[in-house]
Amino acid sequence: MKKPIIIDCDTGTDDAIALICAHLCKEIDVIGITTVSGNVELDYTSENTLNLVDEIGWNIDVVKGKAKPLSRDLITASHIHGRTGLGDVVLKRSTRGFYDEEVASYIYKKAKEYNGEMSMLTLGPMTNIANAILRYPDIKDFIKEIVFMGGSLKGGNVTSVAEFNIYVDPEAANIALESGIPLTMVGLDVTEKVIMTETDRDYFKEFNNPHANITAKILDFMFKRSERFGREGALMHDGLALASMVLPELLKKEKHYARVETEGKITTGMVVVDKRRFAKDKKNVDIALDVDVNMFKSWMRDLICY
Ligand code: BDR
Ligand code: CA
């Protein structure tokens, strides 16, 4: 049976590649896509998502989510992803509209409809799922698991200790961590190990299909960006989180009790793991610590290069 999932994203260069893979992935049934502010503002992340799914011929609900974190001002990463979020990649403007429902209610309704079998994959700040948990506390009995791209135990990418998705809305991440829903954290500890090369990009270029074309264009932009910034190569953060849902051997994980710092002067957004003995009954999240990079790359190639 295919895994029913909602993908929540802030499209975004690497989010876009994750969506391209999700569309082609036979093991999952994407029920709908919800958008959130993060890499860039909500209007851009939402339009990028709609334009992208149209361009690859994917007829799927796209629900516009929250424009602001739960209780903070929005911080974006437009210096990394470009003003629109997709760098210099321009997609044809979609002519259809968003699925017209408030995001928390959409997630809750779908979770109930699928009777506990639905999973969530969050690829941006966790604002939408946190809103759903706050508004509908019994949702915890209807979501099978949340796999989230975010966090890091090894140090951050936006501050010395915080990863971007968690940093933007740390309160939302804590609500998810405290929810009782089974969680998997796919953070920088593994995603920064998956670096696409120009050889990888050239392989996609040989295949003339919409999925491969857009992937190659996005990778091109990522290489230009790396030259400019001297860091953040072509990392597949969000694609890796997706892949982990269908490749059980891809990641090595350890279960821990983790919370997110929300009040630190220099540590806000840091994922703090409590390994003391007394915390062993509180373990709330499987944390990915290592990855089989070749397995990921060949999975991505096999999907996109049809
Ligand atoms: C995460 O932040 C965004 O820039 C990426 O899309 C990814 O979800 C990595 O820290
Ligand atoms: Ca993202």
Side-chain angles (χ1 to χ4, degrees), residues 5-22 33-42 44-49 52 62 65-66 69 74-87 89 120-129 146-170 172-173 176 184-196 214-215 218-219 221-222 225-226 228-229 231-245 260 268-271 287-288 291 296 300:
I5 68 171
I6 287 181
I7 301 181
D8 185 69
C9 53
D10 58 337
T11 320
T13 48
D14 64 315
D15 303 74
I17 293 179
L19 290 175
I20 284 170
C21 293
I33 303 174
T34 55
T35 61
V36 68
S37 284
N39 286 320
V40 285
E41 293 85 1
L42 182 71
Y44 285 128
T45 62
S46 307
E47 274 164 32
N48 290 340
T49 306
L52 176 73
V62 177
K66 298 295 178 196
L74 176 67
I75 296 160
T76 69
S78 55
H79 59 295
I80 301 281
H81 293 256
R83 189 178 54 89
T84 66
L86 289 181
V89 179
M120 285 283 305
L121 170 65
T122 68
L123 305 177
M126 299 176 86
T127 317
N128 289 334
I129 183 65
I146 300 173
V147 175
F148 64 98
M149 191 284 127
S152 172
L153 301 190
K154 76 175 178 76
N157 59 358
V158 57
T159 72
S160 59
V161 290
E163 180 280 331
F164 178 77
N165 289 340
I166 305 296
Y167 183 73
V168 173
D169 201 344
T184 299
M185 169 174 135
V186 182
L188 303 181
D189 306 288
V190 284
T191 65
E192 288 192 342
K193 291 181 179 162
V194 182
I195 304 168
M196 302 304 278
I214 302 171
T215 303
I218 293 174
L219 290 175
F221 167 73
M222 287 177 158
R225 175 175 79 185
S226 312
R228 198 152 26 105
F229 289 105
R231 65 176 284 271
E232 174 92 15
L235 300 177
M236 296 293 99
H237 303 285
D238 294 341
L240 189 64
L242 168 75
S244 75
M245 298 185 80
V260 172
T268 295
M270 179 180 185
V271 173
I287 299 182
V291 53
F296 173 77
M300 188 174 156

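Just so you know, ligand 1 is whichever comes first in the structure, and atom 1 is the first atom listed for that ligand. From a predicted model like this one, the values you see are computed outputs, not experimental measurements.
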K.L.:
Distance under 4.0 Å to a non-hydrogen atom of H237: what atoms of ligand 1 satisfy this?
P.N.:
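Counting atoms of ligand 1 from 1, those under 4.0 Å from H237 are 7 (C), 9 (C).
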K.L.:
Under 3.5 Å, is there a donor-acceptor pair between the side chain of H81 and the main chain of G12?
P.N.:
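Such a contact is absent between H81 side chain and G12 backbone.
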K.L.:
Is there a side-chain contact between I80 and R225, using heavy atoms and a 4.5 Å cut-off?
P.N.:
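The answer is yes, as the side chains (C-beta and beyond) meet within the 4.5 Å cut-off.
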K.L.:
Taking atom types as modelled, is there a side-chain donor on D8 or T34 under 3.5 Å from an acceptor on the other?
P.N.:
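Side-chain D/A pair, D8 to T34: present.
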K.L.:
Ignoring hydrogens and angles, state whether a donor on the side chain of T49 or T11 is under 3.5 Å from an acceptor on the partner side chain.
P.N.:
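Yes, because at least one side-chain N or O of T49 sits under 3.5 Å from a partner of the opposite role on T11.
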K.L.:
Heavy-atom distances under 4.0 Å are what count here, so tell me which part of I80 touches ligand 1: side chain, backbone, both or neither.
P.N.:
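None of I80 does.
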K.L.:
Does atom CZ (F164) have a neighbourhood of more than 12 heavy atoms from anything else shown, all under 6.0 Å?
P.N.:
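Above 12, so yes.
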K.L.:
If the test is side-chain hydrogen bond (donor to acceptor under 3.5 Å, both in side chains), which one of D15, T76, D14 qualifies with N39?
P.N.:
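It is D15, the one option of D15, T76, D14 that forms the side-chain hydrogen bond (donor to acceptor under 3.5 Å, both in side chains) with N39.
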K.L.:
Using modelled atom types only, decide if a donor and an acceptor are shared between the side chain of D10 and the backbone of T45 within a distance under 3.5 Å.
P.N.:
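It does not hold such a pair.
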K.L.:
Please check this pair: side chain of N48 against backbone of T84, looking for a donor-acceptor N/O pair closer than 3.5 Å.
P.N.:
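Answer holds: yes.
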K.L.:
Looking only at atom types and distance, does a side-chain atom of N165 sit under 3.5 Å from a main-chain N or O of G151, one as donor and one as acceptor?
P.N.:
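Not at all, since once roles are kept as given, no pair shorter than 3.5 Å links the two residues.
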K.L.:
I'd like to check which ligand 1 atoms, numbered from 1 as shown, lie under 4.0 Å from a non-hydrogen atom of E163.
P.N.:
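Close to E163: 1 (C), 2 (O), 9 (C), 10 (O).
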K.L.:
Are any of the N/O atoms on D238, whether in the backbone or the side chain, positioned under 3.5 angstrom from an N/O atom of ligand 1?
P.N.:
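Such a contact does occur with ligand 1.
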K.L.:
Evaluate L123 for polar contact with ligand 1, using N/O atom pairs at a separation under 3.5 Å.
P.N.:
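The answer is yes, given that L123 and ligand 1 share an N or O pair closer than 3.5 Å.
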K.L.:
How about the Ca ion (ligand 2), which protein N, O or S atoms come within less than 3.0 Å?
P.N.:
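Atoms qualifying: D10 OD1, D15 OD1, D15 OD2, L123 O, D238 OD2.
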K.L.:
For E47, which residues count as a salt bridge (charged side-chain N to carboxylate O under 4.0 Å, His left out) partner, sequence neighbours excluded?
P.N.:
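E47 satisfies salt bridge (charged side-chain N to carboxylate O under 4.0 Å, His left out) with R93 once adjacent residues are dropped.
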K.L.:
How does N157 reach ligand 1, by side chain, by backbone, by both or by neither, if only non-hydrogen atoms under 4.0 Å count?
P.N.:
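Side chain only; the backbone of N157 stays clear of ligand 1.
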K.L.:
In terms of atom number and element, which parts of ligand 1 are under 4.0 angstrom from non-hydrogen atoms of D14?
P.N.:
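It comes down to these atoms of ligand 1: 5 (C), 6 (O), 7 (C).
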K.L.:
With heavy atoms only and a cut-off of under 4.0 Å, state how V158 meets ligand 1: side chain, backbone, both or neither.
P.N.:
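Near ligand 1, V158 shows nothing, with every heavy atom at 4.0 Å or more.
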